[in-house]
Amino acid sequence: MNQSTPLLSLQPGATGSIYAIHDMNPILRRRLYDLGVHEGSVVSMKQRGPFGGPVTLECNGQLLGIRVKEARGIEVSVC
Amino acid sequence: MSSFALVGNPNTGKTSLFNTLTTSYEYVGNWAGVTVEKKIGDLKEGGGQLVDLPGIYSLHPLSKDERVATQYLIEETPSALINIVDASQLERNLALSIQLLEYGRPIILGLNMMDVAKSRGIHVDIQKLQEQLGVPVIPLIARTGKGSSEILSTLKDFGAVDSPVLTLDYGAAEEAITDIEKMLTSIPNLPNHRWVALQLLAQNPVILQALSSQIDMAEVDAISNRCEAKLLQAGYISSLPEWIRSVRAGFIEKLCHTVLDRSTQKPHNLTERLDAILTHRYLGIPIFLVFMFLLFKVTFDWIGNPLSDLLDGFISGPVSDGINNALDAVGASSFTHALIVDGIVAGVGGVLVFIPQIFVLFFIISFVEDSGYMARVSLLMDSLMEAVGLNGKAFIPFIIGFGCNVPAVMSARSIEQPKDRLLTTLLIPLMSCSARLPVYALFAGVFFQSHQALVVLSMYVLGIAMALLLCKLFSSYLLKNEANVFIVELPPYRLPQGRSLMRGTWEKGKGFLRKAGTLILGGSVLIWFLSYTGPGGFGVEMDDSFLAKIGGLLATLLAPLGFGTWQAGASLLTGFLAKEIVVSTMNIIYHVPNMEGLQGQIALSFTPLQAYSFMAFVLLYTPCLATVGVIRKETSSWRWTVFSIGYALILAYLISLIIYQGGRLLGFS
Ligand SMILES: Nc1nc2c(ncn2[C@@H]2O[C@H](COP(=O)(O)OP(=O)(O)O)[C@@H](O)[C@H]2O)c(=O)[nH]1
């Protein structure tokens, strides 16, 4: 059984599948959905940004950046 | 005439395809949202018109430019759609395609970026995709134009036939769809009713708005509530819009399973390696700053200025002599002679010598846009922008603003939240556009010869610093925005192509040339005329002219800033038309044949401190006429437009006052 952990706890390069998304701004949530990031999709952590800045994620070969405070709401189960 | 629309996700190569399909061309860029307005071109071989719509992820808009596309689909009836999809990102792109297929117009799927997909080891079975969707699928490489003739020939014998509409089974929502369709039967000029019904049930704001006066919205709500209750009963916890999305997602997943072979997929090696450095936690920002510094070095010291000097020599030498000789030969009157030589040649020529700097700057901006670095810059700058109440995406319009504020204001449309958009729009004029460059180049060339790039850079930094400061101020007191969000797509890095760079540079730079031929030409004639005439009649001494009188009114006001001369007042006043006119006016006023002469005059009229204060004033004092026009258009508010001029004037006055008076206290002159 896979344990769910916060996305932010992933090391750069590690991958997980999204288990739940909590308390996220609806606009952001929609945009993430448009980019294929939703429950069940596989994301990998690429990089932490400068000065607590945005994290870079990859999903389906698409790179995208979101803020740390928003990424906090994403839980993944590590595959 | 047939009209076709080009629809697709941002950054999938729409603009590139548009350019290869049409005889006129558009601007290409490698960051989401370069096409900010719908653009129309004539198809090659006279097949009709092609409309390039802004990039969208779904028909459900989040930002203003996304509305344009949905609005187009509901208001107009294109003969056919060309849906361009990125073959290397098929799954994500198809979410939009499904909604377009339901729309019911004939449609071609242009499968672009085939080269990228191939090199990344992604194989798409075109035959199968075509069978499953029931529409023609054409593989493309928009960048090289491969596949565009197939598109043109398919479009030709299209139109007449109605292609089959894609009908998914929405299960528990089917009853609601049928009910809504019944309500729509009496309304004329609607696209496919099932499509409209689905968009209504999915709460698409554009469609809701378009139909709000034509059907009973309470009834629509009742229908969707009933349907949601049914979904709940069946054990789904999702809302109706979510249900609709999940049905589509399920279809796409199955489809991709049959048409995609990802077994040999490779990661983005190059992009990852570059990102590891360029967006590095600690190195990213210093690299960006070094990059900006090099940009100025190249634009001024290394390439721009030497070329500019050559051009100046050419205009003041052979061109002026030629015109003088020609005027003498035809026996022109002294009035005509003065008009042409002292007015037009001095005014327009004085600005034209800066073409090299401006084109070099535009070339570099095009390179940054096309390479994919621009999106990374917004990532790097997000923390800073968040601290002042905006988000990193606003940084992109700011950088475009270095080229010209007008397209910068338009590109702010891709920012999702209205308040962020307004804030960005209001602050863009503080970004030092290329039209201000001639002024800096002139003054820095006279007073700060050994540190020219640095002094000019300091103007840009001053503009940015003021923008950040005011942003904090406005967002805390004036435009309190709720939680602002940030999300940016990072396209893979691509080496920009020479051809598209040239086009991008030309597209941006030609506005400058056009301005030189119209506004600046007209302005120069007017200014010259005002300097040639006065209360005493024609041909008066410059100091007795109308221009001197008008400028004199401002002089007392400007005296505390260090440039209380009528010449400075008059140039600033005319500079509102376009900031480079400041230089044209000085050329006319000081009555000099070339840049060297003007530099000599300026050296006599200003001290270095006064010059610096003047440069800062020109940077900040008001958006130019064209920018004011576009701010008015984008904000649809005179109040905000007047505000943008007002705050800039106050700011400019304060800053120049601080620079001049502070500088004097510190013992500078
Ligand atoms: N390798 C490759 N690059 C492409 C292709 N089509 C477009 N591009 C590049 O993708 C970037 C975005 O293209 P653009 O036409 O601006 O996309 P738009 O945002 O959808 O209008 C540009 O850098 C293009 O040069 C293609 O088929 N192959």
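Labels below follow one simple rule: chain letters A, B, ... track the order of the sequence lines, proteins then strands, and each chain is numbered from 1.
- The number of heavy atoms from other shown groups lying within 6.0 Å of NE2 (B:H257) does not exceed 12.
- Proximity to chain A (any heavy atom under 4.5 Å) is shown, for B:S378, by neither the backbone nor the side chain.
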Going through the checks in order, is the salt bridge (charged side-chain N to carboxylate O under 4.0 Å, His left out) test met by B:E66 and A:R31? CA-CA 12 Å; B:E66 294 176 0; A:R31 184 57 15 115; 2.5 Å; yes
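- Rounding to the nearest 0.5 Å places CG of A:L32 at 4.0 Å from CD1 of B:I487.
- Contact of B:I285 with chain A is made through the side chain alone, with heavy-atom distances under 4.5 Å.
- For B:E253, no part sits under 4.5 Å from any heavy atom of chain A, backbone or side chain.
- Taking each heavy atom of A:R67 and B:L390 in turn, the nearest pair found is NH2-O, 3.3 Å.
- The CG atom of A:N25 sits 14.0 Å away from the CZ atom of B:F486 when rounded to the nearest 0.5 Å.
- Contact annotation for B:N391: both backbone and side-chain heavy atoms come within less than 4.5 Å of a heavy atom of chain A.
- The NE2 atom of B:H60 sits 4.5 Å away from the CZ atom of A:R30 when rounded to the nearest 0.5 Å.
- For B:F251, the CZ atom counts as densely surrounded, since its 6.0 Å shell holds more than 12 non-hydrogen atoms of other residues, nucleotides or ligands.
- The two residues B:L379 and A:G65 have their closest heavy-atom pair at CD1-CA, 3.8 Å.
- Remark: A:R29 does not engage B:E242 in a salt bridge, criterion side-chain N to carboxylate O under 4.0 Å.
- Residue A:G52 comes nearest to B:S383 through the heavy atom pair C-OG, 4.2 Å, listed as atom of the first residue, atom of the second, then distance.
- Between B:A249 and A:Y33, the closest heavy-atom pair is CB-OH, 4.1 Å.
- A:L64 is not listed as a side-chain neighbour of B:L490, based on a closest heavy-atom distance of 4.5 Å or more.
- Of all heavy-atom pairs spanning B:L62 and A:I27, the tightest one is CD1-O, 3.8 Å.
- Looking at B:D275 and A:K46, no side-chain N of the basic residue comes within less than 4.0 Å of a carboxylate O on the acidic one, giving no salt bridge.
- Below 4.5 Å, heavy atoms of chain A meet heavy atoms from B:Q89, B:E91, B:R92, all part of residues 85-94 of chain B.
- Using a 4.5 Å cut-off between heavy atoms, A:Q62 touches chain B through backbone and side chain atoms alike.
- Under the 4.5 Å side-chain criterion, counting only non-hydrogen atoms from C-beta, A:D34 is not in contact with B:L96.
- Listed options A:T56, A:L35, A:V68 were ranked by heavy-atom pairs under 4.5 angstrom with chain B; first place goes to A:L35.
- Most heavy-atom pairs under 4.5 Å with chain A: of the set B:H280, B:R376, B:R120, B:E272, this distinction falls to B:E272.
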